[in-house]
Each structure stands twice: as structure tokens, then as C-alpha cells.
Protein chains: 2
Amino acid sequence: MNKITLIDVARFCHVDISTASRALRSDPRVKSKTQELVKKAANRLGYRPNLLAKSLAGGKTNTLWVILPSIDSIVDAKLVHEISRYANSLDYSLFAAFHDSEEFGVSKGNPIDHYVKIVDSACQGLVDGAIVLPRRFADDSDILNTFVKNEFPFVFVDNYLEGVPTSVAMTDQKQATESLIQHCLQAGAKEFILLFGNDTNPVESRRLTSSRDYLIRQRIPFTEICEIQKTWKPKKKGSPALAVLGSSQAIFHTYLAEHFSPFLQHKLVFGVFDEWIGEPSPAQKVFVGIQNSEKLAKEAVDLLIKKIQRKNKSPKEIKRIPLVECRAILPSIRC
Amino acid sequence: MNKITLIDVARFCHVDISTASRALRSDPRVKSKTQELVKKAANRLGYRPNLLAKSLAGGKTNTLWVILPSIDSIVDAKLVHEISRYANSLDYSLFAAFHDSEEFGVSKGNPIDHYVKIVDSACQGLVDGAIVLPRRFADDSDILNTFVKNEFPFVFVDNYLEGVPTSVAMTDQKQATESLIQHCLQAGAKEFILLFGNDTNPVESRRLTSSRDYLIRQRIPFTEICEIQKTWKPKKKGSPALAVLGSSQAIFHTYLAEHFSPFLQHKLVFGVFDEWIGEPSPAQKVFVGIQNSEKLAKEAVDLLIKKIQRKNKSPKEIKRIPLVECRAILPSIRC
DNA sequence: TTGTACGCGTTATCAA
DNA sequence: TTGATAACGCGTACAA
């Protein structure tokens with residue numbers, strides 16, 4: 001590792017350490033000749049300022065974290081990536097911290113411990129603020145309220161928790177759901193099946209209630225399948241085109257692998273949030289609600305920076321961002 | 001934010017700051033009565049040690065980074081996740097830093113700048129060591145040699161760069177390739193098509209050469225399709241079962257969407273590294289080489305910690321890890 | 001234009 | 001068993 005400090009550079013140039021410090025920050029009070037001298041010396045000696053000391057002295061780290069359990073889909077990855085890009089463009093360093101120990105393989109130790117540890121260390125001077133992507137853990141709010149207690153600047157993105165008061169940037173689930181439904185209707189769907197889980201996750205439940213409300217209002221028959229065991233029975237006679245709505249590609253494959261027979265005579269259209277990879281089969285068409293990751297990222301970071309700057313006031317803002325589009329996936333290979 | 005420091009706790013207990021420091025670290029030299037006193041006070045006052053100061057004074061951060069352009073697939077995500085888990089289990093904090101600004105949308109500023117900035121800051125005291133997941137950038141080696149110059153502890157995982165001397169933990173591409181081929185042969189394949197790109201990426205080229213060597217040795221006819229424009233022509237007469245090998249699911253869909261007609265009469269089997277989502281169609285069967293993320297992560301972190309501990313010696317170790325299995329993907333829905 | 005001296009919050013080394 | 005003090009490396013108000 002590098003051991004050359006500001007003192008070494010200063011000594012080398014026969015100037016004081018403070019002069020060297022100022023010279024490297026291009027302080028106009030330093031003679032330009034001295035500036036160049038110091039800069040060249042620093043360069044030649046391979047001087048690298050110690051960012052720990054810098055942050056400690058300066059009282060800020062210019063660092064943000066994204067805290068999330070793990071990356072489970074490309075949509076997650078894209079969001080984190082956009083957050084990173086936008087933060088970087090504002091001269092913040094951004095790091096992702098993962099706390100889920102259970103997702104893959106056997107869990108080592110208490111999975112919550114890592115989460116608590118990350119939240120704790122965030123409050124201990126390493127970072128100026130955090131963007132949190134919460135999941136369905138029951139205990140999430142207890143852990144995250146540590147932030148509230150310590151008045152640590154943080155915001156939610158993509159999802160939020162009822163019991164934790166802070167700002168949120170998320171997709172407008174109502175708009176997204178209705179837009180997907182409209183596309184399915186245009187594709188000829190006469191009856192709907194809702195594959196949303198019945199859990200406490202605000203996003204999932206919002207998708208369920210939004211689609212339910214909309215379909216009732218439009219007088220379109222539909223069936224809710226909140227549990228994967230439930231078999232579907234047609235509400236209309238004949239073989240009308242069916243639309244199936246669900247949050248992720250996996251749920252379609254899982255459900256239909258078990259319960260495909262009632263669907264055999266029907267033309268199928270899927271409406272999916274998140275993403276769809278590969279062929280639409282067994283559907284004729286899949287509509288994917290493409291979330292606006294770039295805007296979500298921007299709004300989240302902006303909300304966070306607002307919190308960092310004025311620490312006393314903490315307005316609980318909510319930004320709802322509409323979908324970019326509903327992308328249609330058609331078969332590319334004819335079999 | 002929290003402003004309560006060790007001084008506050010010490011004053012509150014009418015002890016010296018050094019005693020308070022020792023008490024909180026359960027130093028046996030402190031009377032147990034005093035320890036409890038201090039710990040209770042710290043708790044009541046909501047004291048949180050400043051980790052910046054701690055690292056600065058202690059000379060180490062107990063932090064590791066994973067540096068990568070972005071997460072493009074679930075396989076990447078899984079690897080990072082396993083690294084995080086294993087590092088956490090060894091009481092290191094782990095953060096992921098992303099440097100690619102081009103992947104999604106329009107690039108902001110010079111994309112290389114972020115990369116350089118991350119590599120620089122790694123050498124500036126924020127972190128004890130880094131695990132690097134390199135990509136096909138031509139300039140990668142110049143940037144990463146900053147680590148070498150500064151004697152900063154780092155290792156490669158999953159892929160590596162010829163010009164940058166350090167340890168590597170990666171999948172055994174030869175074993176993986178041959179294993180995939182064997183599975184395709186068992187599924188009846190008589191002729192092979194290789195969809196590997198012809199670029200300078202060591203992993204991709206290793207897959208190409210390994211499969212080429214093996215197929216020649218076994219006297220099995222095959223065609224290399226290094227460029228996506230190239231059309232395939234059968235080498236054998238009749239309609240033998242065909243195996244297609246490629247690195248990722250996307251390449252199959254892209255290629256076959258353009259050039260499907262010659263394949264119409266053949267039974268198809270795919271062999272893919274990375275992952276496969278959804279139905280195997282248009283193949284009857286897909287074999288997926290499942291990389292051992294857990295072991296890759298463990299080896300990478302172990303290699304890194306070895307580097308951190310003895311800074312002078314830097315043996316250039318290479319760990320090659322075989323696949324966990326070749327998983328077969330069969331149609332779950334009959335159309 | 002440059003130098004002095006202190007603060008940032010800990011840990012570590014003395015001495016008591 | 002505890003207390004005083006020197007690091008850790010850098011910023012900065014203040015003095016010169």
C-alpha cells in the first residue's frame with residue numbers, strides 16, 4: 001500500500017503541510033509556481049490523499065449507499081445501476097450493500113444480523129445517506145427505524161414500508177396496472193386472471209387492488225388466484241381470449257406448469273411487470289410494463305440529497321413515476 | 001445525525017476517554033463494574049462509534065469491495081451475493097461498486113472516468129482490498145495496473161486480464177465446455193454449432209478453443225459461427241439431431257430469430273453457460289452449465305485475504321472451479 | 001502568499 | 001486498574 005502522505009510531499013518541496021494541502025486543492029491563494037511544484041512532486045512521489053482522514057476532517061464522505069437484500073432480477077440490477085450512474089454524475093461515490101443471507105443456499109448465522117450491521121454502520125459516519133430497497137421481511141421496519149432515531153438521511157425506492165416515515169420514489173402502480181390491462185384488452189382479451197400474491201407487500205397488494213377496481217369498473221370478468229394451488233375455472237362460456245396478469249415471469253411458468261389444462265382452448269395474453277425473457281409461449285403475446293429506472297433513480301437520489309442538505313426538516317414526499325411503455329413480446333421463432 | 005462521541009460518554013461517567021474506549025471493547029483490564037457503567041451510559045446516550053476515526057486510527061477498515069461494470073445477469077448477481085455473504089461471515093463489510101455508465105441509455109461523461117475514480121479511491125484508504133470482475137474493455141489493464149503500482153491487494157473473479165498480474169478464481173472453462181458437450185451427445189446430438197464470439201475475452205475464447213479441441217478429438221462435425229450474420233449449412237446429410245453451444249440465452253434467440261430456416265427439420269439441443277429462463281423452445285432440451293458461485297466466492301475472498309495479510313509476497317495463484325452440474329431444462333408446458 | 005496550531009473521533013503506548 | 005498523551009492524515013481559521 002501507499003504510505004506517502006501530505007507531510008512527505010510538503011517536506012520534499014520544503015513548504016508547510018498546509019501550503020501543500022492548499023496547492024493540491026488549487027487554492028488561488030497559493031502562488032501558481034508553488035502550486036505546480038507541489039503538484040508535480042505529489043505526482044512523482046505517487047501521493048494519494050487518505051480519504052478516511054479527508055472525510056473525518058471534512059465531516060462528510062461524499063458517499064451514498066444503496067441497501068438491498070440482493071439482486072434477484074435484471075430490473076433490480078438496472079435500478080441500482082441507474083442510481084449509481086446518477087450519483088456519480090453528481091460527484092457522489094455510490095456503493096451497494098447486500099444484506100440477504102438466505103436467498104441462495106444455506107443461511108449462515110442470523111440473516112437479520114447483517115441487515116442490522118449495515119444499517120448501524122451507515123449511521124456511524126461512513127456515508128452521508130442511503131437509498132433503501134425494502135423487501136417483505138416482517139422486521140424491516142424495526143431495523144430501518146434506527147435511521148429515523150439517528151436522524152440519518154435515507155429514502156425508499158421502488159417499494160416502501162408503512163411504518164417507516166421517509167420519502168419514496170416508486171413506480172405508479174395504478175397507472176402501470178391499468179396500462180397493462182388496456183393493452184391486454186386491445187389484444188382481444190375478454191376475461192382476466194390475476195396472479196398476484198396476497199401478502200403484505202405494498203406493491204403487490206396495490207397491483208391487485210388496482211386491477212380489481214379497474215376490471216370491476218369496466219365490468220370485465222376476472223378471477224383472483226392469490227394462492228398457487230387454486231385452479232382456474234372459466235367465467236364466460238366458449239373460448240374467449242384470456243389475459244393473465246402477474247408480477248414476474250416466474251409466477252406464470254410456475255402456475256401454468258401445474259394448472260395448464262383449463263387454458264388449452266383459449267388464446268392467451270400475459271401482462272407482466274418486471275421483465276420477460278425468451279419466447280412468449282404459451283401465450284401468443286406478452287406485454288411487459290417497463291418501469292422508468294432512470295427517472296426512479298434520479299428522483300430517489302434527488303430526494304436523498306434534499307434530506308442530506310436540510311437535516312432538520314424531513315418532509316415525507318412521494319414521487320410516483322409512470323411506466324415508460326408496455327412492450328409487446330411476440331414469438332420470434334415459428335415452430 | 002448522531003453527535004455523541006466517546007468524550008461525551010467518558011465525561012458522563014467521570015472516567016477518562018481511554019478507559020471508556022477500553023470498556024466498550026470489553027478490555028479485560030477494565031474493572032467489570034466500570035465496564036458495565038460505561039456500556040450502559042453509551043447505550044442510554046445513543047453513542048455510536050465513528051467508523052472513520054476507528055479505521056483511521058486502526059489502519060484498517062475491515063471492508064472489501066467488489067468492483068464490476070454492472071450486473072447483467074442473475075449469474076453475476078449470484079456471484080456478488082455469495083461474495084458478500086462469505087465476506088460478512090468473516091466479519092468484513094462488503095460493498096459493490098459499479099463503473100459502467102454506458103450499458104443503459106445514453107452515457108454521461110467519459111465512462112472510463114468512473115472506473116478510474118473507483119480504482120483510485122480504493123487505493124486511498126477506504127478499503128482493505130478488492131475483488132474485480134473484469135470485462136472486455138480494451139483499457140481495463142491500464143486502469144487496473146494502478147492497483148499493481150500501489151501494491152493494493154486485489155484479485156480477479158470469474159474472468160481475468162492477461163496483462164494484470166494477480167490471483168484469479170474462475171470457473172474451469174475446459175471442464176465446463178466438455179461437460180456440456182457430453183450431455184448434448186448423450187441427448188443424441190450428432191453435429192455441433194458453436195455460437196461463441198471471436199473477441200479477446202479469455203473466457204469466451206477458452207470456451208471456443210476447448211469445444212473445438214474436444215470435438216475434433218472425438219471426430220464430431222461442427223461449425224463455428226463467430227459472427228452473427230453467418231448462416232449455418234449442415235455438414236451431415238439427413239436430419240441428425242443438432243447441438244448448439246453458446247454463452248448466454250440471448251445469443252440463441254438473436255441468432256435463431258434471423259437464421260431459423262436451416263434448423264427446421266432438425267431436433268435441437270442447446271448447451272448454454274450462464275442461465276436459461278423460461279421454456280427450452282425451440283430446442284427440445286437445454287443444458288445449462290451451473291457455475292459454482294459459492295465456491296468461486298469463497299476462493300476469491302480467501303485469495304484476497306491472503307494478499308491483504310502478507311503484502312510483500314504476491315503469488316499469482318489461479319483457482320479453477322468445476323461446474324456444480326449441467327442442469328437439463330425440459331418443456332413444462334405442452335402446446 | 002505562507003506558516004502555526006487546532007480539531008475531527010478513535011486506538012495505542014506509555015506512565016502512574 | 002486507570003489516566004495522560006501521542007499518533008492516524010487532512011482541513012482550516014488565524015496569525016504572520
Side-chain angles (χ1 to χ4, degrees), chain A residues 1-39 41-42 45-63 120-128 150, chain B residues 1-39 41-42 45-63 120-128 150:
Chain A
M1 270 296 277
N2 210 324
K3 285 273 174 190
I4 289 139
T5 86
L6 198 52
I7 297 184
D8 300 318
V9 179
R11 274 192 199 137
F12 186 87
C13 303
H14 303 287
V15 292
D16 189 79
I17 176 174
S18 57
T19 307
S21 170
R22 285 188 281 253
L24 292 174
R25 321 180 89 242
S26 303
D27 190 312
R29 294 175 301 182
V30 180
K31 216 175 19 177
S32 60
K33 215 169 180 177
T34 321
Q35 280 203 21
E36 285 189 25
L37 182 73
V38 174
K39 283 176 181 171
L45 295 176
Y47 164 73
R48 316 205 145 253
N50 183 313
L51 294 181
L52 284 180
K54 191 172 180 166
S55 300
L56 184 60
K60 59 171 187 279
T61 60
N62 275 319
T63 298
D120 273 350
S121 47
C123 304
Q124 300 182 303
L126 290 179
V127 57
D128 294 340
N150 291 35
Chain B
M1 270 298 279
N2 211 323
K3 285 271 173 191
I4 289 138
T5 85
L6 198 52
I7 297 184
D8 301 317
V9 178
R11 275 194 198 134
F12 186 88
C13 302
H14 303 287
V15 292
D16 190 79
I17 175 174
S18 54
T19 306
S21 170
R22 284 188 283 251
L24 291 174
R25 322 180 86 241
S26 304
D27 190 313
R29 292 174 302 180
V30 180
K31 215 173 23 175
S32 59
K33 217 170 181 178
T34 321
Q35 281 203 21
E36 286 188 25
L37 181 73
V38 174
K39 283 176 181 171
L45 297 176
Y47 164 73
R48 311 203 149 254
N50 183 313
L51 294 180
L52 284 180
K54 190 171 180 164
S55 300
L56 183 60
K60 60 170 186 278
T61 61
N62 276 319
T63 297
D120 273 351
S121 47
C123 305
Q124 300 181 299
L126 290 180
V127 57
D128 294 340
N150 290 32

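The chains referred to below are lettered A, B, ... by the order of the sequence lines, with proteins before strands, and numbering in each begins at 1. Heavy atoms only: backbone and side chains are in, while hydrogens, waters and symmetry mates are out.
Taking only distance into account, the side chain of A:Arg22 meets the base of C:dG3 through a donor-acceptor pair shorter than 3.5 Å.
Between the side chain of A:Thr61 and the backbone N or O of A:Ser55 there is no donor-acceptor pair closer than 3.5 Å.
Taking every side-chain heavy atom of A:Ser18 into account, C:dT4 is the closest of D:dG11, C:dT4, C:dA12. Nearest nucleotide to the A:Ser21 side chain, out of D:dT12, C:dT2, D:dG9: D:dT12. Candidate nucleotides D:dC10, C:dT10, C:dT11 were compared by shortest atom distance to the side chain of B:Arg25, and C:dT11 ranks first. Closest approach to the A:Leu6 side chain among C:dA12, D:dT2, D:dC10 is made by D:dC10 (side chain taken as heavy atoms from C-beta onward). In this structure, the nucleotide among D:dG9, C:dT10, D:dG3 sitting nearest to the side chain of B:Ala57 is C:dT10. Between C:dT2, C:dT10, C:dG3, one nucleotide has an atom nearer to the side chain of A:Arg29 than all others, and that is C:dT2. Considering only the side chain of B:Val15, D:dG3 comes nearest among D:dG3, D:dC10, C:dG9.
Using a 4.0 Å cut-off between charged nitrogen and carboxylate oxygen, B:Arg29 and B:Asp27 count as a salt-bridge pair.
A residue-by-residue look at B:Asp16 and B:Ala53 shows that B:Asp16 has its nearest nucleotide of DNA chain D further toward the 5' end.
Here the CG-NZ distance, from B:Leu24 to B:Lys39, works out to 7.5 Å after rounding to the nearest 0.5 Å.
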